[in-house]
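Beneath this line is the structure, given in structure tokens, with notes to follow.
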Amino acid sequence: MQQTLPYKILLSSQISIANIFFGQVRDYTYLPAIGGLNYVDFGLVNDSLKTLSARQVDSTRGLLQQAFWQQAVQNKMIERPSTFDSLTNYSQVGQTNLHQNGMFFYHPYGNNGVVDFLDYIQVITSTDSTTMSNTWLSPSVDVNGLYAAKYNLILNYYIQNYGVNLQAIGNK
């Protein structure tokens with residue numbers, strides 16, 4: 001896994017992205033972590049880090065993991081499971097049929113296998129296995145078995161190919 005380390009690890013007090021509307025900055029979106037082509041930036045290196053609730057720590061861990069894996073995939077340091085994208089027809093995904101497609105989040109700028117995969121990294125590494133089983137992987141939510149199929153594909157692939165148990169990270 002050493003080959004997946006980013007060239008730079010940035011520690012920031014805050015990461016903000018300007019939301020521009022008709023050429024004017026409307027407001028800002030604040031992120032705990034972001035991944036780029038050769039870096040991962042952790043944006044909570046400030047006094048707020050000490051005051052995060054357990055739930056916020058879990059969420060931040062997942063977003064930091066997502067940023068790490070994003071840069072590793074973008075730089076082709078690691079591969080995604082080759083069959084992952086075939087499990088969902090992304091052109092048919094809308095806000096109202098996420099569960100049927102085994103997707104956690106709707107992305108208005110585009111849904112595709114890479115975004116979906118990174119969402120799985122985020123959710124798996126921020127959610128303990130009991131909660132995963134009782135929510136996303138439960139029959140009432142996983143109506144077509146796609147959450148379980150993608151979840152198991154990712155977990156098994158990364159254990160077998162990279163020796164990394166993503167769910168163990170989520171169980172922390």
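Residues Y158 and Q167 fail the side-chain proximity criterion, which asks for heavy atoms closer than 4.5 Å. Considering only heavy atoms from C-beta on, L98 comes within 4.5 Å of V93 through its side chain. Inter-residue side-chain proximity for K150 and L153 is flagged as unmet; no heavy-atom pair is nearer than 4.5 Å. Side chains of W69 and V164 form a contact here, defined as non-hydrogen atoms less than 4.5 Å apart.
A pairwise comparison of heavy atoms in K172 and D58 identifies O-OD1, 4.2 Å as the closest pair. Scanning all heavy atoms of the two residues, the minimum distance from T135 to T131 falls at OG1-O, 2.6 Å. Here the shortest heavy-atom pairing between Q100 and N144 reads O-ND2, 2.9 Å. Closest of all the heavy-atom pairs between R61 and I169 is NE-O, 3.1 Å. What you find for N89 and S91 is that their closest heavy atoms are OD1-OG, 2.7 Å. Looking at every heavy atom in both residues, T88 comes nearest to M103 through CG2-SD, 4.3 Å.
Under the 3.5 Å distance criterion, the side-chain polar atoms of D119 are left unmatched by any main-chain donor or acceptor of F104. No side-chain donor-acceptor contact under 3.5 Å links N111 to the backbone of Y90. Q71 places a side-chain N or O within 3.5 Å of a backbone atom of F68 that can act as its donor or acceptor partner. Put simply, the side chain of D85 never gets that close to the backbone of N112: no donor and acceptor are under 3.5 Å apart. Panel note: side chain S59, backbone R55; no donor-acceptor pair is recorded below 3.5 Å.
I121 and Y106 fall within the same hydrophobic cluster, where Ile, Leu, Val, Met, Phe, Trp and Tyr residues are linked whenever their side-chain heavy atoms come under 4.5 Å apart, directly or through other members. Residues V141 and L137 share a hydrophobic cluster, clusters being chains of Ile/Leu/Val/Met/Phe/Trp/Tyr side chains in contact below 4.5 Å. Under the 4.5 Å side-chain heavy-atom criterion for ILVMFWY residues, a single connected hydrophobic cluster contains both F84 and L146.
Rounding to the nearest 0.5 angstrom, the gap separating the CG atom in N171 from the OG1 atom in T130 is 7.5 Å. For the atom pair I154 CD1 and R80 CZ, the distance stands at 9.0 Å (nearest 0.5 Å). From T127, atom OG1 reaches atom CG of N134 across 12.0 Å, with rounding to the nearest 0.5 Å. In this structure, N156 CG and N161 CG are separated by 10.5 Å, a value rounded to the nearest 0.5 Å. Atom CD of Q66 and atom OG1 of T60 lie 12.0 Å apart (nearest 0.5 Å). Going from atom OH of Y120 over to atom CG of L155 covers 11.0 Å, rounded to the nearest 0.5 Å.
Checked against Q70 for a side-chain contact (heavy atoms from CB on, under 4.5 Å), the options V114, V115, L118 give a single hit: L118.
Here the two rings, on Y147 and Y151, have centers that are 6.0 Å apart or farther.
Using bins of under 30°, 30° to 60° and over 60° for the plane-to-plane angle, the ring pair H107/F105 lands in the perpendicular bin.
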